[in-house]
Amino acid sequence: MNAPDAARGKVIKCPGCEAKVRVPEVEGEEQEAPPAKVKAGAKAGAKKPAKRTKSAEDFLSDLDLGNIEDTSSRVCPKCGTESDMEAVECPKCGVEFATGQLSARAARRKGMKGPDPQDFYGVVWKDSWEFMKKNTKLATRTGTYWMIFCVTSLNMFVFAKMCTGWPPYLYWTAKAILFALGLVGWYWYLNGRVIQHTMAREKKLKDVKFDFLLDASLGLKSGAWIFALSFPLVIYPAVETFLYIGEFQNAMYQGETRANKEAKEQKLKITPPETIDKYVTEELANVSSERMKMAWMITVGVSALIGLFVFPVAQVHLTMKHSWPSWALGPMLMTAFNNIGAIVVWWVLALTAFLPVFLLVGGVGFLFYNGNLTYNFDIKMPGLETVLGWCGEKIDEMGFVAYLIAEAYFLLVAFAAFATLTYAAAFPAVFVMRANGLFGYYNRERLNLMTVAKPKVLAGFWPRMVAGMSDFVILAAGGLVLYICMVSFEAAAMKFDMLMQYDIFGYKVGIHQIFGYGGFFVLVTMYFIKSESGNEPATPGMRSVGLGVIREDGTKFTPNQTYGRFFGRILSLALGGLGFLMAAFTPKKQALHDAMTKTLVVWVGDGEAADK
């Protein structure tokens, strides 16, 4: 078929069979002709030359391009894909029809390994809604678990409030906190599973199991996560606390000194306790804890805001094998600011989804509390007096039977109230979890996810800080045990008048304090020296992150280097932490104790790469 030059690059219809044929843009471009139709049973014979009734010039003169051009579709000049006439760019390769070049959107997507982050804004609402409707049973399970956790925890707190002794009070309080942690932990567990399911693009959410101890541990982990993020911010209130303790101890010493001086002037062999209390009270009146309290309040507030801001980013990182960035303030803030648009959309979605729950909480609070919410939870039970009247009891004369009735009624009302709130919150919670998973899926290229660690690569400041925080928590737990033993010994010695004290640099120090503080120093010393003197030198905190210590020349560690690293840490601490901060600026990412001992902190690596 012959066609004029004006038909180049267009789709025209064959005058005979009306098949659509694309006319080549350039002369010589190959053009596949439509296959000829052969009737069934017909034999292929020798082709007869077509009878020409008109010349080529006559055919061209009779050809009406306006009638044979296909105006219902357009063809991509690059890949030949047909698309609607209204399309601006090719749906396959992204070439703009007007310019013949890749569009900005197509060019951006071509440079990405994953999905386009811009698609997140268009699918997050609808996809999350469809996921919630598809997983109504999961939302119902969540509401049931939360209701049980809430009612049980509240009941345990009521039992603790009724206790008169410390042992039962601590027992019921600990159980109440355990169930409260389980409530938070279930959200963390389920949120992580939904994020993994969404990022893997699985068709069905599987293996969602309930484990109370796991949930309680994850609830505790959520508190540890907030502490880890706020760890760099704790320097300010820690300094204020240290100054306050110093002022407090000095006031105690000055009060005792004044009391002893007065007793000496009166030629008394023993200073009367009431005299000591008098002068100590006068000295303590000049010591104020307001600055310390304000510092802690500011730190807690800022930490909570930061935790809320980076929450969707951190939850995605927590599902990775290497989750240390979620525990480090610097990486979390930088990643969150790089994805601030998606974070704002996620929070708008979350607040919108939970708006009915906030209104319900306000209504329940208005119904049950008398406007004076204190530590004692002044709960007014609607209808309690009527129920007691039915049972022949009076609310002003609460006996054993009345207390049992009140407790049963309390549980019934608590179940009703918490069931309303938890089931109302469970469905938007699943909705928001899916949105968090979509946030991770569409923004994975900008979240700096660490999926693999190469062996013997230098570890920077932030992963080392996370490892240091893990070591700090372990040592703090050991120090707490020693402190409890020290205080218990002091109380027993004072009761039997066997407390031995010595005057050291003007301060009275007991023998129990010498053993307690000395024991803690020995614990810290052995912790670092023993952990870094084995075949794989690394503290437990380093191993939890995936780090290890090697020598610069690759040779085996020596005992002197182990001791040098420990005392180098003490020197770094004495310099106000500047020795640790060196790891953020030195070329080999060495802290002071690394430079002193010519050692490096590196990634151990994953799998076979680590073994090699």
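Numbers here are sequence positions counted from 1.
The aromatic rings of Trp346 and Phe311 sit tilted relative to each other, their planes meeting at an angle between 30° and 60°. Taking the six-membered ring where the residue is Trp, His197 and Phe131 present tilted rings, their angle falling between 30° and 60°. Note on ring orientation: taking the six-membered ring where Trp is involved, the planes of Phe179 and Phe212 are tilted (angle from 30° to 60°). Using the six-membered ring where Trp is involved, Tyr169 and Trp166 have ring planes that are perpendicular, over 60° apart on the 30 and 60° scheme.
Residues Trp186 and Tyr145 place their aromatic rings such that the two centres sit under 6.0 Å apart. Centroid-to-centroid, the aromatic rings of Phe227 and Phe231 come within less than 6.0 Å. Side-chain rings of Phe309 and Phe337 approach one another, their centers coming within less than 6.0 Å.
Contact check for Ile195 versus Gln315: side-chain heavy atoms found under the 4.5 Å cut-off. Considering only heavy atoms from C-beta on, Val124 stays 4.5 Å or farther from Phe439 through its side chain.
Residues meeting the salt bridge (Lys or Arg N to Asp or Glu O under 4.0 Å) test with Arg569, sequence neighbours left out: Glu532.
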### Query
Does the pair Ser230 and Ile306 meet the rule for a side chain to side chain contact (heavy atoms under 4.5 Å, CB included), with working shown?
CA-CA 8 Å; Ser230 60; Ile306 291 176; over 6 Å; no

### Message
Does Asp215 form a side-chain hydrogen bond (donor to acceptor under 3.5 Å, both in side chains) with Tyr187? I'd like the steps, not just the answer.
### Response
CA-CA 8 Å; Asp215 295 339; Tyr187 181 91; over 6 Å; no

